[in-house]
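Structure record follows, encoded as structure tokens.
Remember, predicted model here, so these are calculated numbers, not experimental data. Here is how names work: the chains are called A, B, and so on, in the same order as the sequence lines, proteins then strands, and each is numbered from 1.
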Protein chains: 2
Amino acid sequence: MGLKSVSETKLNPNVSVDCVIFGFDSEKLKVLLIDRGQEPGAESEKVYALPGNLIKTDENLDQAADRVLKELTGLKNIYLEQFGSFGNPDRLNKESDLQWLKSIRAEPDARVITVAYYSLIKIDQYELHASSFAKEAFWYDIDDLPTLGFDHLEIIEAGLKELKFKSKYEPLGFELLPEKFTLSQLKHLYEAILGTDLDKRNFRRKILKKDFLIPLEEKQIGVPHKPAQYFVFNKKKYEDYRQNVDDFYFQL
Amino acid sequence: MGLKSVSETKLNPNVSVDCVIFGFDSEKLKVLLIDRGQEPGAESEKVYALPGNLIKTDENLDQAADRVLKELTGLKNIYLEQFGSFGNPDRLNKESDLQWLKSIRAEPDARVITVAYYSLIKIDQYELHASSFAKEAFWYDIDDLPTLGFDHLEIIEAGLKELKFKSKYEPLGFELLPEKFTLSQLKHLYEAILGTDLDKRNFRRKILKKDFLIPLEEKQIGVPHKPAQYFVFNKKKYEDYRQNVDDFYFQL
DNA sequence: TCTACTAAGTGTTATATTTACACTTTAATT
DNA sequence: AATTAAAGTGTAAATATAACACTTAGTAGA
């Protein structure tokens, strides 16, 4: 049985979830991929994938995403946000993908629609523990991705677009940075996501005006330059803010 | 077999699409619902639904949405945008919904995940022709909805939220108004969606500054007041605009 | 033909937001 | 003591927003 064994509850053969986990390492934006552990017949190129799998019949989509992510990468308690569904009949057009499905699925030929989730986390705050059919989980630089199975490249691109977009009208960063952090770190985060440089003074002014940041007395120590002040998030204000995205901005 | 007969290609028993079609009649915002044609056992309340059905195994999600909408309401060539997936195991918690499924589905008990689409159209530009299991299709005032099956109320609310949100950072109106239209008509459209009043002068200034509107020489005739100037959309600029939503606004 | 009615169309001012831009400060390192 | 590195700070100009009321061009009816 091995890989084909499943837990007590039944799998829905036609619906899966995939997780696009973006990671920030204080420097660059990365994405989490798994090694499916497939030994290519010959020396064909290795193919990576997003952590994802079929949903169970007794869980909802959000629960499935949480479970699958945990099963494959060890990550848990991550806030996942749904951003789209992907269901082209030709999602499954690579021979290597089909081979792989045959090794893990009861119905490898079934037409699968996948519901995609994304999150953005602080890389060094979480430890990866690949398991189930994931041989290993890795962080890949967002602009240097390996070959991906199925339509996972398309899914990642859609997720990145969503992330960039969201970052423009919602505050980001909570849970993404250390408990206490400097404004430079927060600025770097935005710059990594948006792929642009931001003006230091304007950034500070803007982010401090919204008041979901609380300045601490504490400063950096041991740095070979003027030490930066630490800040923490005001979680309550921050949550309020996200709730009201709706009223937040009226463009036209 | 009647209702249970299906066309040549197989249905995926676990995945459906639902369409939230918002309609604008120059006055109010409405949503399109179908009468499932169910005769309640007793005099129990009539239950309405969004146009939606299972997808076929050989079509993608967008195609399924187009097809299902056309089959149930006669509407075609409508731009549908996906906005979310809904898949709580308890979507199916009303007895009347189960009864109804038994009358039309091969596997009425199957766990179904639905992918939701929305659109916004000009009501009097389209004719409704209910068919398949839809006995009739109606426009309902968005703030006076009848009893709805499944989780369709939740889906409509999510769709409306999306629509309001989108209207704040994307130009709306193309395909929603007559070929040529007045600024008042466009303003009414925004007011209907946002549920607020807008200042005439500020609205004009703002919308004219973006230049996706082309003024015509032509004016209204026969109106018992100063005739309004007609405008048409500059489709090219308008499309550019939507493409670049990404760079469009940088809030933080 | 005059009057009343209706919606279209128009401009200004005060306030808030955005952008661009360069020097001083504080620490560690040599 | 001099060097290096990033933190931190202010201003002015340009742009965007919000609030607000009167005139105009037509129809309809007296």
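The side chain of A:Arg201 contributes no N or O atom lying less than 4.0 Å from OP1 or OP2 of D:dG10. The phosphate of D:dA16 has OP1 or OP2 within less than 4.0 Å of a side-chain N or O from B:Lys209.
Within 3.5 Å, a donor on the side chain of A:Lys200 pairs with an acceptor on the base of D:dA7, or the reverse.
Aromatic ring centres of B:Phe150 and B:Phe86: separated by at least 6.0 Å.
D:dA16 atom C1' lies 14 Å from atom CG of B:Asp199, rounded to whole Å. The interatomic distance linking A:Tyr230 (OH) with C:dT26 (C1') rounds to 15 Å, in whole Å. The nearest whole Å value for the distance from the CG atom in B:Leu186 to the C1' atom in C:dA8 is 15 Å. Residue A:Lys187 contributes atom NZ, which lies 15 Å from atom C1' of D:dT9 at whole-angstrom precision. B:Leu183 has its CG atom 7 Å from the P atom of C:dG9, to the nearest Å. Atom-to-atom, CG of A:Leu216 to P of D:dG8 comes out at 12 Å; the value is rounded to the nearest Å. Between A:Phe203 atom CZ and C:dT17 atom C1' the separation is 17 Å, expressed in whole Å. Atoms CZ (A:Phe181) and C1' (D:dA6) sit 18 Å apart, rounded to a whole Å.
Comparing B:Pro224 and B:Phe231 along DNA chain C, the residue whose closest nucleotide (by nearest heavy atom) sits nearer the 5' end is B:Pro224. Taking the nucleotide of DNA chain C with the nearest heavy atom to each of A:Asn202 and A:Ile221, the more 5' of the two is matched to A:Asn202. Map A:Arg204 and B:Lys219 each onto its nearest nucleotide of DNA chain D; the residue landing nearer the 5' end is A:Arg204.
For B:Gln229, counting side-chain heavy atoms from C-beta on, the closest listed nucleotide (C:dG9, C:dC21, D:dG26) is C:dG9. For A:Arg205, the listed nucleotide lying nearest its side chain is C:dT18; candidates were C:dT18, D:dA18, C:dT25.
Across all strands, B:Ser184 comes closer than 4.0 Å only to sugar-phosphate atoms, never to a base (heavy-atom distances).
Defined by atom type and a distance below 3.5 Å, a donor-acceptor pair is present between the side-chain atoms of B:Tyr117 and B:Asp62. In the model, A:Ser16 has no side-chain atom that pairs as donor or acceptor with a side-chain atom of A:Asn53 under 3.5 Å.
Between A:Arg67 and A:Glu71, at least one side-chain nitrogen of the basic residue sits less than 4.0 Å from a carboxylate oxygen of the acidic one, meeting the salt-bridge criterion.
In this structure, B:Phe212 and B:Phe233 have parallel ring planes: the angle between them is below the 30° cut-off, well short of the 60° mark.
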